[in-house]
Amino acid sequence: MLFSILEGMFKAAISSTFLCTHHRLFIFKPNSTTPSFLRRALSPMSTVAVKQVGTHNGSFHCDEALGCFMIRLTQKFSDAHIVRTRDPQVLETLDAVLDVGGVYDPSKHRYDHHQKGFEEIFGHGFNTKLSSAGLVYKHFGKEIIAKELEVDEDHPDVDRLFLAVYRNFMEAIDAVDNGINQYDTDQPPRYVNNTHLSSRVGKLNLDWTAPDQSSEKENEAFERAMSLTGKEFLDNVRHLARSWLPARSIVLNCLEARLDLDPSGELMVLDKFCPWKLHLFELEEENKINPPIKYVLYQDERSKSWRVQAVAVAPDRFESRKALPAQWCGLRDDQLSNKSGIPGCVFVHMSGFIGGNQTYEGALAMAKAALKL
């Protein structure tokens, strides 16, 4: 009974503070159809001492939607209410503020990036200016990942995933929000890409033709944006934890065995196919591998034939360190076998980045011959 009375007094105080000034207290109320991981991050008020996290009202972007989702995964701000306003007097009373207010001060949980002079970056070799989502991830990412992995924050896997999630997911959100081009060029793009996460979040804003432009509808749209960005964030973390991270030890063992395969040290065979590309680049750098690997061999799980793949010059580039020989490119089967002098050839891609052979011995012969051509 006492709790109910106190809760009623708290809600009344909140209402007089925010509602009468037209700054709506935005409380998420998941229902039975909401996925369990979203109910955890978007759960309703359960205690009187609930935290309040502020962000701006009006049109929203990917960074503050994701930032609000992530910060509610932390112990300190678990199940926090989201207050959408630009009123500085209201923002001053809140426990954390994202993407508004003109202040970056992690000691006070202020995470805006729009103010003059802001140049905060993630570090660890990344130089992209952070958005509000990047700021939340920089300060709380390890806690979120450790909680997801059910390990302590000082576990080495937390550090590896912390960097991998930023590289594979977070940095693009920071860059798009800050208007940073992916490439240094004055040339117009060859095609339009409106399928990335930031673009899809933008489409969740109320359409100008919508008859109901109320704050309630706007906040419902923001809730959908939080759900969308949060699901993709957690999907990315879980994919990297479940699939990418275990592959590291496989790639390391195969890299260490490279000289047993060929004295050049430029060939590597995967004894089990796994996500290998980023691990290879990191392990080459960590272990100062020189010369670097040119070709990676692995078995195709479905056809049981073997592949020879040229290693790219960088993880995000299409160009190969050493493409398969130009005279093989575009050829198949007997024509390719006759041209190369290697039996069992299946194909070589037109660009020379990958080829195939029916047997391991044939794929190895292709890789060794390609090194010399």
Pair Asn181-Thr185, side chain to side chain contact (heavy atoms under 4.5 Å, CB included): steps then yes or no: CA-CA 8 Å; Asn181 289 328; Thr185 177; over 6 Å; no
Less than 4.5 Å apart, side chain to side chain, heavy atoms only: is that true for [X] and [Y]?
| X | Y | answer |
| --- | --- | --- |
| Leu371 | Ser264 | yes |
| Glu220 | Lys217 | yes |
| Val296 | Val308 | no |
| Glu301 | Phe273 | yes |

Does Arg84 make a cation-pi contact with Phe222, if we ask for NZ or CZ under 6.0 Å from the ring centre and within 45° of the axis?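 Relative to the ring axis of Phe222, which defines the angle, Arg84 lies inside both limits.
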Enclosure of Glu150 CD (heavy-atom neighbours >12, cutoff 6.0 Å):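 Check fails, neighbour count at 12 or below.
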Does the pair Glu148 and Arg238 meet the rule for a salt bridge (Lys or Arg N to Asp or Glu O under 4.0 Å), with working shown? CA-CA 8 Å; Glu148 186 65 32; Arg238 289 165 182 171; 2.7 Å; yes
If only atom types and distance count, is the side chain of [X] paired as donor or acceptor with the main-chain N or O of [Y] below 3.5 Å?
| X | Y | answer |
| --- | --- | --- |
| Ser243 | Leu240 | no |
| Asn236 | Glu232 | no |
| Thr55 | Leu98 | yes |
| Lys304 | Arg302 | no |
| Gln213 | Asp207 | yes |

Any pair counted as ring pair (Phe, Tyr, Trp, His ring centres under 6.0 Å), so long as it reaches residues 147-168, sequence neighbours left out: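 Residue pairs passing ring pair (Phe, Tyr, Trp, His ring centres under 6.0 Å), neighbours aside: Phe122-Phe162, Phe122-Tyr166, Phe126-Tyr166, Tyr137-Phe162.
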Inspect the contact between [Y] and [X] and indicate whether a charged nitrogen and a carboxylate oxygen are less than 4.0 angstrom apart.
| X | Y | value |
| --- | --- | --- |
| Asp235 | Lys231 | yes |
| Asp159 | Lys142 | yes |
| Glu282 | Arg248 | yes |
| Glu153 | Lys147 | no |

Taking atom CE of Met366 and atom CD of Glu361, what is their separation to the nearest 0.5 Å?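 The distance works out to 14.0 Å.
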Would you tell me whether Asp87 and Thr85 have side-chain atoms, one donor and one acceptor, within less than 3.5 Å of each other?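 Note: Asp87 and Thr85 side chains miss the donor-acceptor criterion.
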Any side-chain donor paired with an acceptor under 3.5 Å for His239 and Asn168?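 On atom types as modelled, these side chains do not qualify, holding no pair under 3.5 Å.
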Could you walk me through whether Asp262 and Lys368 pass side chain to side chain contact (heavy atoms under 4.5 Å, CB included), step by step? CA-CA 8 Å; Asp262 187 77; Lys368 289 185 175 183; 3.2 Å; yes
Which residues pass the ring-ring contact (aromatic ring centres under 6.0 Å, His included) test with Phe347, not counting sequence neighbours?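 Partners of Phe347 under the ring-ring contact (aromatic ring centres under 6.0 Å, His included) test: none.
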If hydrophobic residues (ILVMFWY) are linked whenever their side-chain heavy atoms come closer than 4.5 Å, directly or via other members, who joins Ile121 in its cluster?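 Hydrophobic cluster check, Ile121: no partners found.
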Residues that, via side-chain heavy atoms closer than 4.5 angstrom, fall in one hydrophobic cluster with Val103: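 In the cluster with Val103 there is nothing else; it is isolated.
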Taking all non-hydrogen atoms of both residues, which atom of [X] and which atom of [Y] are closest, and how far apart?
| X | Y | value |
| --- | --- | --- |
| Ser131 | Asn178 | N-ND2, 3.7 Å |
| Asp99 | Asp112 | C-OD1, 3.2 Å |
| Leu204 | Ala221 | O-CB, 3.3 Å |
| Ser351 | Ala323 | O-CB, 4.0 Å |

Yes or no on side chain to side chain contact (heavy atoms under 4.5 Å, CB included) for Phe353 and Leu324, after CA distance, side-chain angles and deciding distance? CA-CA 6 Å; Phe353 89 96; Leu324 291 168; over 6 Å; no
For Asn57 and Arg86, what are the C-alpha separation, side-chain angles and deciding distance, and is it a side chain to side chain contact (heavy atoms under 4.5 Å, CB included)? CA-CA 7 Å; Asn57 56 358; Arg86 292 185 183 274; 3.5 Å; yes
Listed once per pair and sorted, the side chain to side chain donor-acceptor pair (under 3.5 Å) pairs that draw on residues 312-329, sequence neighbours left out: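 Of all non-adjacent pairs touching residues 312-329, those that pass side chain to side chain donor-acceptor pair (under 3.5 Å) are Glu284-Arg321, Arg317-Glu319.
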All N/O donor-acceptor pairs, side-chain side in residues 249-260, below 3.5 Å, sequence neighbours left out:
| from | atom 1 | to | atom 2 | distance (Å) |
| --- | --- | --- | --- | --- |
| Ser249 | OG | Pro246 | O | 3.4 |
| Asn253 | ND2 | Ser249 | O | 3.2 |
| Arg258 | NH1 | Leu255 | O | 3.0 |

If the plane angle is over 60° it's perpendicular, under 30° parallel, otherwise tilted; pick one for Phe233 and Phe169.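 Ring orientation of Phe233 relative to Phe169: tilted.
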Please work out which of the three classes, parallel, tilted or perpendicular, describes the rings of His139 and Tyr111, given edges at 30° and 60°.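 Tilted: the ring planes of Tyr111 and His139 meet at 30° to 60°.
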